[in-house]
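Encoded as structure tokens, the structure appears first; notes follow it.
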Amino acid sequence: MNQANTTQTLTLFNTLSRSKESFVPITPGEVRIYTCGPTVYNYAHIGNLRSYVFPDLLKKLLQRLGYEVRHIINFTDVGHLTSDQDAGDDKVEKAAAETGRSAWEISKFYAEAFKRDIELLNIAFPTRFTYATEYIPQQIDLVSQLESKEMTYNTADGVYYDTSRFETYGKLAKLDLDGLNEGQRVSAEGKRHKSDFALWKFSPADQQRQMEWESPWGKGFPGWHLECTAMIFAELGQSIDIHTGGTDHIPVHHSNEIAQAEAATGEKYVNYWLHGEFLVLDSERRMGKSEGNFLTLQTLLDEGFSARAYRYLTLMSHYRSFLTFSFEALKSAQTAYFKLKRLIQGLNQGESQGADLAADYDRRLLDALCDDLNAPKALGLIWELVQDKAVGGKEKLELLRHYDGILSLSLMDFTDFPELVIEVPAEVLELARQRWEHRLNRNWAESDRLRDEISARGFVVRDAKDNYEVVPE
RNA sequence: GGCGACGUAGCCAAGUGGUAAGGCCGAGCUCUGCAAAAGCUUUAUUCGCCGGUUCGAUUCCGGCCGUCGCCUCCA
């Protein structure tokens, strides 16, 4: 078994260089990770949730490699805009207005829902969850710093960041500023450049916001990009190792984060930018809150799926590839997931053999994960291992225990099989009892008829030598 | 218009310059009154198309076709 050792090479695909790089932390033995969290004005959908699985994998792998990991996930609980860049309504405020609840209630509610979701997906909580509204002074301070460095200008509706003053603006995204949005109106009133963005927005004069704060520039609220940087500075420092998020954040949000952070500190902001690709529907359409075609984890649960089976599905594809979601794919993932666990349940702890082979699996599993988190490859190896007749149960279980600590599929938890979780209605049990009697009397016709009835109710009867069981179909 | 990604069996999906992991589904067999479950076996001469480089390409290069994402709040 691998001992904790930070000499194992971990390679990660860094968006900055668009290539795989060997991971080297800023401080030996320690890693600081920031994960862009959700805007809490609605439930997270399963596409959102996918992008929190790979940082979880990364964190656990780093910990197994012996690193001390400090990880932050934030909640954007204020200040998001619904439409045109730097225009439109605040999403949290809008949801509040629509439901009659306060903005604070809304954000609290959905933040808690998010925590429940990731818990169901075996995603470990970060060292801290941070809330944007709890870092208002730090955000104001950051704007002041940028102002003192003459990186900002004021318009009628806020304090803006002047991207033309940051020489390498857009480098992360390889943005071609002149090509941005050609032929489309993109600038808000008073903005000097297309890519400039709001640091601080003034509260509208004709309207009372629920969330607003005093600032040197007047009453208002922070722009979206500001919060992540302010929270990173406060919780992790001026330069961090890894920043994760979805690919959609590359051109705007993360480009802006880099611009404001590096202009403020003069230091490199983030060493490794990791971006997860989208989950798309069968038609390869993205799933989005704005698109109104989103599925929540709860929907999956309601349809009879296990949250862990969804995690299994996400691990079946690489985090940098599109994951084509369909219920067919989820069903096959769930079937495979429980089948794998049944195989593991049947392993014999007392049987020991093939130590050399096991060591080989160990190395290949670690290599797969250390190669930019190749979970699909690791899963394939897990299957190979479990079915390998040359390796003993003892060796298999040892490896499974170790790697499930990273994959977090609860492979050794045998309490969540559908037949153990789903209750069989008394009516169905009675039908099964009657069927068993007919069967004992060799009345096959009636026996089969009753089985069809049971099947129509979503259950199936399994006959054994002198007993039977009823399980969900 | 700019930037970028992808196209591997019915489905999901790894992968490598030397002739295609894994899973689901399907098929066959064993078992069973019949089933289910389980076990065993099996399932791409081929990696969108056309060229080029090479002893050899799915893997490298070029072109084409197709699909998708971002550039506006979104993971």
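Reckoned from all heavy atoms, side chains included, excluding hydrogens, waters and symmetry mates. Chain letters run A, B, ... following the sequence lines, proteins first, then strands; residues in each count from 1.
At whole-Å resolution of the value, NE2 in His225(A) and C1' in C71(B) are 13 Å apart. Rounded to whole Å, the distance from CD1 on Ile118(A) to C1' on A75(B) is 13 Å. Rounded to whole angstrom, the span from the OH atom of Tyr34(A) across to the P atom of A75(B) amounts to 12 Å. Per the geometry, CZ belonging to Phe278(A) stands 8 Å off C1' belonging to C70(B), to the nearest Å. Remark: P of C73(B) and CZ of Phe197(A) are 12 Å apart, rounded to the nearest angstrom. Atom P of nucleotide A38(B) and atom CD1 of Ile344(A) are separated by 15 Å, given to the nearest angstrom. Going from atom CD of Glu277(A) over to atom C1' of C70(B) covers 9 Å, rounded to whole Å. G4(B) atom P lies 16 Å from atom CZ of Arg320(A), rounded to whole Å.
Rounded to a whole angstrom, the distance from the P atom of C50(B) to that of U8(B) is 16 Å. Using atom P as the reference point in both U59(B) and G15(B), the two lie 15 Å apart (nearest Å). Here the separation of C12(B) from G4(B), taken at their P atoms, is 27 Å to the nearest Å. When the C1' atom is used for both C31(B) and A38(B), the distance is 9 Å, rounded to whole Å. Comparing the same atom, P, in C49(B) and in A57(B) gives a spacing of 15 Å after rounding to whole Å. Separation of the C1' atoms belonging to G26(B) and U67(B) is 28 Å when rounded to the nearest angstrom. A distance of about 14 Å separates the P atoms of C64(B) and G1(B), rounded to the whole Å. Between U58(B) and A13(B), the distance separating the two C1' atoms is 15 Å to the nearest Å.
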Each nucleotide N or O in nucleotides 33-37 of chain B that has a protein N or O under 3.5 Å away: list the pair and distance.
from: G33(B); atom 1: O6; to: Arg435(A); atom 2: NH2; distance (Å): 3.4
from: G33(B); atom 1: N1; to: Asp448(A); atom 2: OD1; distance (Å): 3.0
from: G33(B); atom 1: N2; to: Asp448(A); atom 2: OD2; distance (Å): 2.7
from: C34(B); atom 1: O2; to: Arg451(A); atom 2: NH2; distance (Å): 2.3
from: C34(B); atom 1: N3; to: Arg451(A); atom 2: NH1; distance (Å): 3.0
from: C34(B); atom 1: N3; to: Arg451(A); atom 2: NH2; distance (Å): 3.2
from: C34(B); atom 1: N4; to: Asp463(A); atom 2: OD2; distance (Å): 3.2
from: A35(B); atom 1: N6; to: Asp463(A); atom 2: O; distance (Å): 3.2
from: A35(B); atom 1: N1; to: Asp463(A); atom 2: N; distance (Å): 3.0
from: A35(B); atom 1: N3; to: Arg451(A); atom 2: NH1; distance (Å): 3.2

Give every pair of a protein N or O atom and an N or O atom of nucleotides 20-27 of chain B that lie under 3.5 Å apart, one pair per line with the distance.
from: A21(B); atom 1: O2'; to: Glu384(A); atom 2: OE2; distance (Å): 3.2
from: C24(B); atom 1: OP1; to: Lys339(A); atom 2: NZ; distance (Å): 2.8

Tell me, with the steps shown, if Asp371(A) and Lys20(A) meet salt bridge (charged side-chain N to carboxylate O under 4.0 Å, His left out). CA-CA 9 Å; Asp371(A) 180 15; Lys20(A) 287 186 193 175; 2.8 Å; yes
When you look at Glu469(A) and Val461(A), which way does the side-chain contact (heavy atoms from CB on, under 4.5 Å) test go after all the steps? CA-CA 6 Å; Glu469(A) 57 177 342; Val461(A) 193; over 6 Å; no
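With both pairing distances under 3.5 Å, A37(B) is matched to nothing as a Watson-Crick or G-U wobble pair. Using Watson-Crick or G-U wobble geometry with both donor-acceptor distances under 3.5 Å, U54(B) finds no partner in any strand shown. In a base pair of the Watson-Crick type (N1 to N3 plus N6-O4 or O6-N4) or a G-U wobble (N1-O2 and O6-N3), with each distance short of 3.5 Å, U32(B) is matched with no nucleotide. For A20(B), there is no paired base (Watson-Crick or G-U wobble, both distances below 3.5 Å). With both pairing distances under 3.5 Å, G7(B) is matched to C65(B) as a Watson-Crick or G-U wobble pair. Checking C70(B) for Watson-Crick or G-U wobble geometry (two distances, each under 3.5 Å) identifies G2(B) as its partner.
Partners of Lys60(A) under the side chain to side chain donor-acceptor pair (under 3.5 Å) rule, at least two apart in sequence or in another chain, are Asp56(A), Ser408(A). The side chain to side chain donor-acceptor pair (under 3.5 Å) test applied to Tyr131(A) returns Lys115(A), not counting sequence neighbours. With sequence neighbours left out, the ring-ring contact (aromatic ring centres under 6.0 Å, His included) criterion links Phe414(A) to no other residue. In this view, Lys108(A) and Glu112(A) satisfy the salt bridge (Lys or Arg N to Asp or Glu O under 4.0 Å) rule, not counting sequence neighbours.
As judged by a 4.0 angstrom heavy-atom cut-off over every strand, His275(A) is placed among residues making no nucleic acid contact. Residue Gly245(A) is classed as a sugar-phosphate contact, given heavy-atom separations below 4.0 Å to backbone atoms only. Backbone-only engagement by Leu343(A) is indicated by non-hydrogen atom pairs under 4.0 Å involving sugar-phosphate atoms exclusively.
Two residues, Asp248(A) and Tyr319(A), neighbour RNA chain B, and the one matched to the more 5' nucleotide by heavy-atom proximity is Tyr319(A).
Nearest to the side chain of His318(A), among C68(B), A75(B), A14(B), sits A14(B). Of the candidate nucleotides A14(B), C12(B), G4(B), G4(B) has the atom nearest to the side chain of Arg18(A).
Contact annotation: Ser321(A) side-chain N/O to C6(B) OP1/OP2 distance is not under 4.0 Å. Checking the phosphate oxygens (OP1, OP2) of G2(B), no side-chain nitrogen or oxygen of Lys194(A) falls inside 4.0 Å.
Remark: Trp200(A) CH2 to Phe221(A) CZ distance equals 9.0 Å, nearest 0.5 Å.
Inspection of the Thr296(A) and Thr299(A) side chains reveals an N or O donor paired with an N or O acceptor under 3.5 Å. Residues Asn441(A) and His438(A) have side chains that never bring a donor and an acceptor to within less than 3.5 angstrom of each other. Side-chain contact of Tyr319(A) with Asp372(A): a donor-acceptor pair under 3.5 Å is present, judged by distance alone. Side-chain polar atoms of Ser306(A) and Tyr312(A) form no donor-acceptor pair below 3.5 angstrom.
At least one cation-pi condition fails for Arg308(A) and Tyr337(A): the charged atom is not both under 6.0 angstrom from the six-membered ring centre and inside a 45 degree cone around its axis.
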